[in-house]
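Written out below as structure tokens is the structure these notes cover.
In the text below, chain A, chain B and the rest are named by the order of the sequence lines, each starting its count at 1.
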Amino acid sequence: MARSFWDSTVGKKIVMGVTGLIMIGYLVVHMMGNAKIFFGADDFNEYGHWLRVVGEPFLHRMWGLWIARVVLLTSVILHAVCAYQLSRRDIKARPQKYVHKKARMSYATRTMRWGGVILGLFIVWHILDLTTGTVHPDGFEDGKPYQNVVDTFSTWYGNVIYIVAMLAMGMHVRHGFWSAAQTIGVGSRTRERVLKATANGLALILTVGFISVPVAVMTGVVS
Amino acid sequence: MKLNLRVWRQKNAETDGAMASYELDGISPDMSFLEMLDTLNEELIVSGEEPVAFDHDCREGICGACSLVINGDAHGPERTTTCQLHMRSFQDGDTIDIEPWRASAFPVIKDLVVDRTAFDRVIQAGGFITAPTGAAPEAHATPVPKPDADLAFEHAECIGCGACVAACPNGAAMLFTSAKVNHLNVLPQGAPERETRVLDMVAQMDEEGFGGCTLAGECATACPKGIPLMSITSMNKEWLRATRKSKR
Ligand code: HEM
Ligand code: FES
């Protein structure tokens, strides 16, 4: 059964939908966590510390965080592999393009593939920047996330990369959330309006929520 | 009406094709699109050229034989079949691009005619329904709730023309397959094979080389019979259910 599930275009799309929804769920939590930056360095750093001890004493220190990391990494890999395999198949299924071209799909729908690639690259940069500090502009300090965030958003390229990626994320979520509902079969005629509205609302809230951080650093609200 | 036509000409499956231009005069707005092509073919025959091959049969919008991507739209600008499209939907002096359905699963046979037998194999994969043959059963023997009957009927309207595949940016046959699956899966008559039907038809659909669904919605916009995009959602649900239930 697992084999025929994975081999099917419908099965692969369900994998994409479920992993996509897991990642959207994470984004909501992540955005709420980010909001703590508006309450000062102590609040934010303390929250960063809590992420490492969450689940104690049941979980050992860092276990909670690592469980989340493994789930997310598995999700993003499965999602990207399915996206790649399905996209290749889709392109092969239309070997000859129409001479008379017509663009009708919404912008969000048309940009799922490139938007996804931008997101994938962004995720790599984001981790190297603020988790490992490998590409951090100057003086990355473990346990001082507040200062690290301010450093990143004090560079022009940090802001540009982040804001572009968040706009791509918003569009990906806009089409992705609604699509996932259709893919896993929970959409219906009666739920259509609610699902579309939720997708748009989620996309807007996530985009504004995430972009508010670099904007706050740029305007000096957070420094 | 005077028209500039640009038509896909291709000798056979082995040769490359190209768009060819034709000027056509004296077209009445009351002609159907196919009658306009008949007129073109008459002229071509008279001048000793090969007429344009295109598919058609009933010419009343019920058989699903006609096709054609007209100015980038499957079945042209109106929501109907090409045979039911009339020249009044165009303006005098228009340039009209006419291309065949484009999908690797629908190879071109000649000019505008493509091989759609992939659809037949998807239907065959669905198998038969377990129904006693012989005398017609008593009409009330198997009660069907009205909403289910309506849903089945809505999906039974699919004429298998392939406009969904032609319009889909991925050359996917999800709308067609979902129409066929849902049509029988909502009815008590189709219940015994409910799981195998959806699994086998989706597997055959993949086997034929159709693409996957990205919920672009182009298929439902192009469908001359108005099969809704939500049919795909229902099929996905059926497929998931069948995957959980069956041990394959
Ligand atoms: C590695 C980077 C990523 C790539 C390459 C990628 C690519 C794609 C592609 C190609 C699709 C299908 C587009 C379509 O159906 O039109 C898709 C769908 C989706 N993506 Fe992503 N994506 C990525 C990251 C993400 C992230 C971070 C999230 C979570 C916020 C996400 C959530 C979704 C959802 C929910 C769907 C809908 C799935 C469905 O229709 O069932 N994706 N993605
Ligand atoms: S020719 Fe039969 S539907 Fe158009």
Side-chain angles (χ1 to χ4, degrees), chain A residues 1-18 82-83 85-106 108-113 116 175-192 195-196 199, chain B residues 6 8 17-19 69-73 95-100 102-108 165-174 177 198-199 202-203 205-206 208-218 221 228-230 232-241 243-244 246-248:
Chain A
M1 192 194 97
R3 188 77 240 171
S4 53
F5 194 100
W6 180 253
D7 284 342
S8 166
T9 52
V10 174
K12 277 206 171 70
K13 195 72 203 280
I14 291 170
V15 172
M16 284 191 81
V18 172
C82 289
Q85 293 182 342
L86 286 174
S87 298
R88 276 198 51 164
R89 201 192 151 88
D90 294 346
I91 292 164
K92 243 178 76 186
R94 165 73 39 78
Q96 184 138 21
K97 306 273 167 279
Y98 290 108
V99 173
H100 194 112
K101 298 201 166 41
K102 217 163 187 181
R104 265 167 308 208
M105 293 183 285
S106 77
T109 312
R110 271 185 286 133
T111 50
M112 285 307 270
R113 283 181 197 148
H175 182 71
F177 180 82
W178 172 82
S179 293
Q182 312 309 322
T183 302
I184 61 178
V186 298
S188 72
R189 269 175 248 229
T190 45
R191 293 194 198 130
E192 178 67 359
L195 282 171
K196 277 248 152 92
Chain B
R6 298 202 303 158
W8 183 262
M19 297 296 271
V69 170
I70 302 162
N71 284 343
D73 289 317
T95 297
I96 307 177
D97 290 336
I98 309 170
E99 298 174 74
R102 292 286 187 209
S104 61
F106 286 166
V108 172
V165 175
C168 174
N170 313 318
M174 289 285 279
T177 310
V198 61
L199 293 176
V202 168
M205 175 189 90
D206 284 349
E208 297 292 343
F210 291 109
C213 181
T214 52
L215 277 316
E218 297 282 340
T221 308
L229 188 60
M230 221 47 90
I232 294 178
T233 312
S234 308
M235 180 172 75
N236 290 336
K237 194 172 168 182
E238 282 295 309
W239 190 88
L240 255 180
R241 180 185 168 280
T243 312
R244 268 188 277 114
S246 92
K247 299 283 166 279
R248 288 197 277 172

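For a residue to count as touching a neighbouring chain, one of its non-hydrogen atoms must lie under 4.5 Å from one of that chain's; by this rule A:Ser106 does not touch chain B. Looking at B:Pro169, both its backbone and its side chain come within 4.5 Å of chain A, counting heavy atoms on both sides. For A:Lys12, no part lies near chain B; criterion is any non-hydrogen pair under 4.5 Å.
Contact detail for A:Thr109 and B:Leu215: the closest heavy-atom pair is CG2-O, 4.4 Å. For B:Gly211 against A:Ala93, the heavy-atom pair with the smallest separation is N-CB, 3.3 Å. When all heavy atoms are compared, the tightest approach of B:Thr214 to A:Lys13 is CA-NZ, 3.7 Å.
Of all the listed residues (B:Ile70, B:Asn170, B:Ile232, B:Val165), the one sharing the greatest number of non-hydrogen pairs under 4.5 Å with chain A is B:Asn170. When each of B:Asp97, B:Val108, B:Thr221 is scored by its heavy-atom pairs under 4.5 Å with chain A, the top score falls to B:Asp97. Put simply, of B:Met235, B:Arg241, B:Met19, B:Met230, the one with the most heavy-atom pairs under 4.5 Å next to chain A is B:Met230.
Within the 4.5 Å cutoff, no side-chain heavy atoms of B:Val69 are placed close to those of A:His100. Proximity of B:Asn71 to A:Tyr98: side-chain heavy atoms (C-beta onward) are nowhere separated by under 4.5 Å. With contacts defined as side-chain heavy-atom distances shorter than 4.5 Å, the pair A:Gln182/B:Cys213 does not qualify.
Taking CD of A:Gln96 as the reference point, atom CZ of B:Arg102 lies at 4.0 Å (rounded to 0.5 Å).
No more than 12 heavy atoms of other residues, nucleotides or ligands sit less than 6.0 Å from atom NZ of A:Lys92.
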